[in-house]
Asker: 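Here you go, one structure.
Note that ligands are numbered from 1 as they come in the structure, with each ligand's atoms numbered from 1 the same way.
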Amino acid sequence: MPSIDALVVGAGFAGIYQLYKLRELGLSVKLIDKASDVGGTWYWNRYPGANSDSLSEVYRYSWDKEDLLTYPWPNHYVSQKEIWDYLKHVVKRHDLRKYMQFSTELESASFDSSSSLWTAQLSTGETIQTRYLLTALGTWSKVNYPVIPGIEKFAGEKYHTGNWPKHYDFKGKRVGVIGSGSTGVQVTIALADEVKELISFQRSPQYIVPNGDGPVSAEFRDNVNKNYDEIWDGVRNSYAAHNVKESTIPAMSVSAEERERVFESLWQQGNGFRFMFSAFSDIVISEEANEEACKFIRKKISQIVEDPVKARKLSPDGYYARRPITAPAYYETFNKKHVDIVDLRETPITEITEKGILTNEKLHELDVIVFATGFEVADGNYTTLTINGRQQSLKEHWAEKTTSYLGVTEAGFPNMFLVVGPLSPFNNFPPTIETQVDFITGLISKAEAKRKEEASGKVVLIEATQQAEDDYVEACRVLGTKNLFRKEKSYIFGANIAERKPNILFWVGGLVHYRKALQDVVDNGYRGFTFSY
Ligand code: NA7
């Protein structure tokens with residue numbers, strides 16, 4: 001007999017909703033998280049300036065309509081603290097905390113073919129037997145510390161943004177920030193005014209668009225509330241799932257003046273996803289269209305940044321084909337005399353010493369180093385766990401490359417579901433999570449109905465076939481060849497980790513097409529899955 005029906009691991013957006021849905025099915029569920037509270041990503045990423053760059057109205061759950069219409073969000077973007085408070089509020093509102101156990105890590109999980117149950121070993125010493133194992137471990141969760149010689153010798157303070165301390169004080173200090181992705185950009189802007197000196201150590205310059213943040217007016221909120229059903233419908237049927245209008249007009253089909261007008265108007269309005277997807281239909285597909293967007297942003301950098309040397313270092317020359325970055329007044333921050341930029345392509349880091357960061361040009365003496373160096377994305381949190389399926393461990397299953405069927409299951413790992421696992425859609429996450437949790441819950445609901453039909457009550461095993469998984473992995477690979485993202489080294493392909501062989505880690509075909517693919521699976525009797533005893 002299992003101890004519980006389902007074990008959910010992770011108390012972020014994904015784990016909380018999955019717990020809610022399984023309770024709705026009447027299952028006995030336990031949720032564990034290694035943190036001391038709910039939040040997932042938003043528990044750990046509490047660095048200064050941390051916020052979501054999805055628009056506030058769609059960076060939340062859609063399933064509790066009453067809450068959706070009444071819960072406040074003061075600005076167009078929600079801060080880490082606001083998101084954390086929101087998740088705590090949802091947990092309280094739905095009385096979910098009683099199923100949760102914190103400061104508890106999953107250490108290993110093994111499937112036993114004779115009992116058809118999973119046995120999970122927890123860091124508390126507990127052993128749990130469960131019919132369903134649901135891992136909501138987070139996509140941007142396992143932090144990536146760069147391999148730099150001497151890193152351990154640094155005598156000052158060191159912090160990774162993805163594991164930020166509860167207390168810090170940088171007043172009067174010299175701070176170096178390594179990394180200029182979404183996080184590095186946010187932390188650089190936020191720290192600039194509180195430190196004595198700030199140096200950004202930048203490996204790849206990025207195209208950064210203003211976010212257009214500001215207070216949400218009562219009129220704006222009323223309008224969103226009146227149209228929420230249509231907004232969610234639009235989000236679910238869009239590519240990026242960001243509540244921005246996605247253009248159908250190719251960039252080169254209009255005059256140069258019109259392109260300039262469109263880019264300028266979107267720049268003034270703000271939001272990186274809007275800039276990438278609302279301007280024209282082919283910015284991430286056509287090299288020519290992409291270069292038009294690049295030229296526009298480069299021009300903005302040269303106009304905003306007063307020091308031409310800093311402007312040159314901040315100017316990217318590659319494609320605008322990474323996860324778009326959006327932030328308030330990033331380039332303006334470098335007009336402050338005490339904020340500087342080091343271009344690591346010109347002057348690479350040779351080592352970290354007791355006193356600071358040494359490049360091949362000079363030693364930058366520092367009191368604090370902030371690592372905004374990102375994550376082992378998508379599969380990182382799985383690599384530290386032992387998960388044993390029918391015949392092999394997950395590590396063995398992924399020996400050649402990281403795989404999944406639909407981002408949620410692995411062939412040979414029955415009744416295990418990865419909520420936003422590898423090869424999940426690369427989109428605004430709350431609607432992506434809802435899509436997957438609803439799908440997983442549908443599978444479990446079918447298995448439960450089948451189990452109840454059997455007088456013996458035997459466990460029904462939901463399992464992806466190897467063929468279905470292989471086909472899905474191939475579909476993801478092909479999608480990855482169809483746009484310009486493949487031309488830039490980024491975490492979408494795991495290319496941010498030095499020793500890793502690059503391979504697509506997401507479905508880059510848009511939420512709309514992913515949802516159609518799931519619907520097609522359901523309409524065809526859960527094609528690619530077997531339900532067995
Ligand atoms: P990202 O987007 O992976 O950015 C990490 C940054 O750190 C990026 O600028 C990297 O440069 C840089 N980096 C990584 N390793 C090194 C080394 N060894 N030396 C110098 N610089 C390095 O992570 P974020 O945390 O900013 O954002 C992750 C997601 O969280 C984001 O997409 C949002 O969805 C939220 P690179 O560009 O690889 O040259």
Asker: Can you pull the side-chain hydrogen bond (donor to acceptor under 3.5 Å, both in side chains) pairs that have at least one residue in residues 282-297, sequence neighbours excluded?
Answerer: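 Applying side-chain hydrogen bond (donor to acceptor under 3.5 Å, both in side chains) to every pair that reaches into residues 282-297, excluding sequence neighbours, yields R259-E292, E287-Y319, E287-K487, E291-R298, E292-K295.
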Asker: Would you check if the side chain of N496 reaches a backbone N or O of F375 as a donor-acceptor pair within less than 3.5 Å?
Answerer: yes
Asker: Provide the full list of side-chain hydrogen bond (donor to acceptor under 3.5 Å, both in side chains) pairs with a residue in residues 418-437, sequence neighbours left out, each pair given once.
Answerer: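 As it turns out, the side-chain hydrogen bond (donor to acceptor under 3.5 Å, both in side chains) pairs with a partner in residues 418-437, which skip direct neighbours, are S54-N428, S62-E434, S424-Q436, T435-R515, Q436-Y514.
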Asker: Using a cut-off of under 3.5 Å, which N/O atoms of ligand 1 pair up with protein N/O atoms, and what distance separates each pair?
Answerer:
| from | atom 1 | to | atom 2 | distance (Å) |
| --- | --- | --- | --- | --- |
| ligand 1 | 7 (O) | A372 | O | 3.3 |
| ligand 1 | 9 (O) | S180 | N | 2.8 |
| ligand 1 | 9 (O) | G181 | N | 3.4 |
| ligand 1 | 15 (N) | R203 | NH2 | 3.4 |
| ligand 1 | 25 (O) | T183 | OG1 | 2.6 |
| ligand 1 | 26 (O) | S182 | N | 3.1 |
| ligand 1 | 26 (O) | T183 | N | 2.9 |
| ligand 1 | 26 (O) | T183 | OG1 | 3.3 |
| ligand 1 | 32 (O) | R323 | NE | 3.0 |
| ligand 1 | 32 (O) | Y491 | OH | 2.4 |
| ligand 1 | 34 (O) | R323 | NE | 2.9 |
| ligand 1 | 34 (O) | R323 | NH2 | 3.4 |
| ligand 1 | 37 (O) | S204 | OG | 3.4 |
| ligand 1 | 37 (O) | R322 | NH1 | 2.9 |
| ligand 1 | 37 (O) | R322 | NH2 | 3.2 |
| ligand 1 | 38 (O) | R203 | NH2 | 2.9 |
| ligand 1 | 39 (O) | R203 | NE | 2.8 |
| ligand 1 | 39 (O) | S204 | OG | 2.5 |

Asker: Inspect the contact between K158 and E152 and indicate whether a charged nitrogen and a carboxylate oxygen are less than 4.0 angstrom apart.
Answerer: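 No.
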Asker: Any side-chain hydrogen bond (donor to acceptor under 3.5 Å, both in side chains) pairs touching residues 35-45, not counting sequence neighbours?
Answerer: S36-Y43, D37-R97, W42-Y59
Asker: Would you say D340 and H364 are linked by a side-chain donor-acceptor pair, where the criterion is simply a distance under 3.5 Å?
Answerer: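 Looking only at side-chain atoms, D340 and H364 do not form any donor-acceptor pair under 3.5 Å.
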